Amino acid sequence: MDLGGAKLFKHMLDRNQQEVVVNRVRDVVAQVPLFHPVTASGRRMSVRMTSCGRLGWVSDRQGYRYETHHPNGTSWPKIPDEIQDVWKQVSDCDVVPDSCLLNFYGEGAKMGMHQDRDEGDFSFPVVSISLGDDALFRIGGTARGGKTQSAWLGSGDVLVLKGAARLAYHGIDRLRFRSSDLLKDHGRINLTLRVVR
DNA sequence: CAGTACCA
DNA sequence: TCTA
């Protein structure tokens, strides 16, 4: 499925694969707890996040950037093999991802329209894995204010932002909370793999 | 502006 | 859905 240049692979992970990845995510979160990032303007984001890999994405009053450590000083755990396998399957490049951002969407959480532009080389794709509740994804062009397309992302779906879509504005408008029983307390996990350099 | 309140 |  093509979404303004973004490629959506529906049902790429089966239920068993999803459960394995969720268990790996639990291992990561046990080491580097989820936190509510704060934007540069001082607002708390509704999603909670943490990271694994060489670098993790961090936001606070200082701005957006990649860091080698969790805000609590712990270094990020390695990216689990089962997650890196998804990158290998869809990224179409031999480079290993530097970062896996782990976003958790609870009831009512959303993500405003934004570009992923904190990386040093936009020729590498961004690979996104959805787990748990369905989420309404929206993507536009490389400038704000243009036409957008929407699609529901379900558990096990994989989205690839590359080429013209690599710098496209995108976001999550809302969840269908409790639409999936993958996670005990519902909600959505989104994993995004990136080469940061 | 990885935000949200507010209005047409 | 758009504006600020």
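Scope of the values below: all heavy atoms of this structure, side chains included, with no hydrogens, waters or symmetry mates. In this text, all values refer to a predicted model and were calculated from it rather than measured experimentally. The sequence lines fix the lettering, A, B, ..., with proteins before strands; numbering per chain opens at 1.
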Check for a donor-acceptor pair, side chain of A:Ser155 on one end and backbone N or O of A:Leu131 on the other, with a separation under 3.5 Å.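 Checked: no pair found.
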
Nearest to the side chain of A:Ser41 - B:dA2, B:dC1, B:dG3?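 The answer is B:dC1.
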
Without decimals, in angstroms, what is the distance between [X] [atom1] and [N] [atom2]?
X        : N     : atom1 : atom2 : value
A:Arg44  : B:dT4 : CZ    : C1'   : 14 Å
A:Asp60  : B:dA2 : CG    : P     : 14 Å
A:Met113 : B:dA5 : CE    : C1'   : 18 Å
A:Asp173 : C:dC2 : CG    : P     : 12 Å
A:Arg43  : B:dT4 : CZ    : C1'   : 6 Å
A:His170 : B:dC1 : NE2   : C1'   : 13 Å
A:Met45  : B:dA2 : CE    : P     : 8 Å
A:Arg144 : B:dG3 : CZ    : P     : 10 Å

Sugar-phosphate only, base, or nothing, as touched by A:Lys147 at under 4.0 Å among non-hydrogen atoms: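 If one applies the 4.0 Å heavy-atom cut-off, A:Lys147 turns out to touch nothing in the nucleic acid.
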
Applying a 4.0 Å non-hydrogen cut-off, can you work out what A:Asp118 is touching in the nucleic acid: base, sugar-phosphate, or nothing?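 Base contact.
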
Would you mind telling me which of A:Arg176, A:Arg178, A:Arg188, A:Arg174 makes a salt bridge (Lys or Arg N to Asp or Glu O under 4.0 Å) with A:Asp134?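 One option only clears the test, and that one is A:Arg176.
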
Test A:Ser75 against every option in A:Glu67, A:His70, A:His69, A:Arg54 by the side chain to side chain contact (heavy atoms under 4.5 Å, CB included) rule and name the one that passes.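 Among A:Glu67, A:His70, A:His69, A:Arg54, the one meeting side chain to side chain contact (heavy atoms under 4.5 Å, CB included) with A:Ser75 is A:His69.
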
Would you measure the distance from the P atom in B:dA8 across to the matching atom in B:dT4 and give it in whole Å?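 22 Å, rounded to whole Å.
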
Which base, if any, makes a Watson-Crick or G-U wobble pair with C:dA4, both distances under 3.5 Å?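 When the pairing criteria are applied, B:dT4 turns out to be the nucleotide that pairs with C:dA4.
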
Note: A:Asp27-A:Lys78 ion pair, threshold 4.0 Å (strictly below):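 No, this pair does not count.
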
